[in-house]
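Notes to accompany the following structure.
Counting from 1, the numbers follow the sequence of the chain as shown.
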Amino acid sequence: EVQLVESGGGLVQAGGSLRLSCAASGFTFGDYAIGWFRQFPGKMREGISCMRSREGSTYYADSIEGRFTISSDSAKNTVYLEIKNLAPEDTAVYYCAADPMIDVGAPCFYVGMDYWGKGIQVTVSS
């Protein structure tokens, strides 16, 4: 059974940094595209970044500034999203998702991924 579990969220002050983790199980980690998304209150979910560790390929949404960095640890079957210089506008629920077929690139965000975590709240106080 594919499982994705996010952790590392919580309440952070503006200007701080955060590293979210997505622990994956139930599939061959390197073969799947794994992405990070976020959903603002009352808004649709938006893509942030995705990667496939076997290829070493990464992709970031055009709207995402350089404050976000995706990385992985294959030994731990975990994908990370580091966010620097957090702002109140980053307050959202952050999700990781995985799919075996999607190419790393724009399709990460426009083709529905098969598997999703439950999400984790990130709240940035001013």
Nearest 0.5 Å, please: how far is OG in Ser25 from CG in Leu4?
7.5 Å
Tell me whether Asp73 contacts the main-chain N or O of Ala75 through its side chain, where contact means a donor paired with an acceptor under 3.5 Å.
yes
How far apart are the C-alpha atoms of Glu46 and Met44, what are their side-chain angles, what is the distance that settles it, and do they pass the side chain to side chain contact (heavy atoms under 4.5 Å, CB included) test?
CA-CA 6 Å; Glu46 68 174 29; Met44 292 186 65; over 6 Å; no
Thr123 side chain to Leu11 main-chain N or O, any donor-acceptor pair under 3.5 Å?
no
Are Tyr32 and Val111 linked, directly or through other ILVMFWY residues, by side chains that come within less than 4.5 angstrom of each other?
no
Got a second to check how far Leu81's CG is from Trp36's CH2, nearest 0.5 Å?
6.0 Å
Cationic N near anionic O, under 4.0 Å, Glu6 to Lys118:
no
Can the positive tip of Arg38 be found less than 6.0 Å from the middle of the six-membered ring of Tyr95, inside 45° of the ring normal?
no
Test side chain to side chain contact (heavy atoms under 4.5 Å, CB included) applied to Arg45 and Phe40, step by step
CA-CA 7 Å; Arg45 196 155 43 196; Phe40 301 108; over 6 Å; no
Axial cation check for Tyr80 ring with Arg19, 6.0 Å and 45° limits
yes
At what distance, to the nearest 0.5 angstrom, does CZ of Arg67 lie from CG of Leu18?
11.5 Å
What distance separates Gln121 CD from Gln39 CD, expressed to the nearest 0.5 Å?
10.5 Å
Val12 and Ile83: same hydrophobic cluster, using ILVMFWY side-chain contacts below 4.5 Å?
yes
Distance-minimising heavy-atom pair for Gly112 and Asp99:
O-OD2, 3.8 Å
Considering non-hydrogen atoms only, spot the tightest contact between Ser72 and Ser53 and give its length.
OG-CB, 3.6 Å
Test item: Asp31 side-chain N/O and Thr28 main-chain N/O as donor-acceptor pair under 3.5 Å:
no
Using the six-membered ring wherever Trp is involved, compare the ring planes of Phe109 and Phe37 and label them parallel, tilted or perpendicular (cut-offs 30° and 60°).
perpendicular
Determine whether a donor-acceptor pair (N or O, by modelled atom type, separation under 3.5 Å) exists between the side chain of Thr91 and the backbone of Val124.
yes
Quick one: does Val79's side chain get under 4.5 Å of Phe29's, heavy atoms only?
yes
Does some side-chain heavy atom of Ser49 sit less than 4.5 Å from a side-chain heavy atom of Phe68?
no
If you look at every heavy atom in Ser126 and Ala14, which pair is closest and at what distance?
CA-CB, 4.2 Å
Just by distance, do the side chain of Tyr60 and the backbone of Ile70 share a donor-acceptor pair under 3.5 Å?
yes
Linked, directly or transitively: Tyr115 and Met51 (ILVMFWY side chains, under 4.5 Å)
yes
Could you walk me through whether Ser71 and Glu82 pass the side chain to side chain contact (heavy atoms under 4.5 Å, CB included) check?
CA-CA 8 Å; Ser71 63; Glu82 183 176 14; over 6 Å; no
How long is the span from the CG atom in Asp90 to the NZ atom in Lys84, to the nearest 0.5 Å?
14.0 Å
I need the minimum non-hydrogen distance between Ala23 and Thr78, along with the two atoms involved.
CA-OG1, 4.0 Å
Please report the shortest heavy-atom distance between Pro100 and Asp114, naming the atom on each side.
CD-OD2, 4.0 Å
Once you round to the nearest 0.5 Å, how far does CZ of Arg52 lie from CD1 of Ile34?
9.0 Å
Minimum heavy-atom distance between Val104 and Ala33, given as atom pair plus value
CG2-CB, 4.4 Å
Are Ile48 and Trp116 joined in one hydrophobic group, where the rule is that I, L, V, M, F, W and Y side chains link up if heavy atoms are under 4.5 Å apart?
no
Without swapping roles, check the side chain of Ser63 against the backbone of Ala61 for a donor-acceptor pair under 3.5 Å.
no
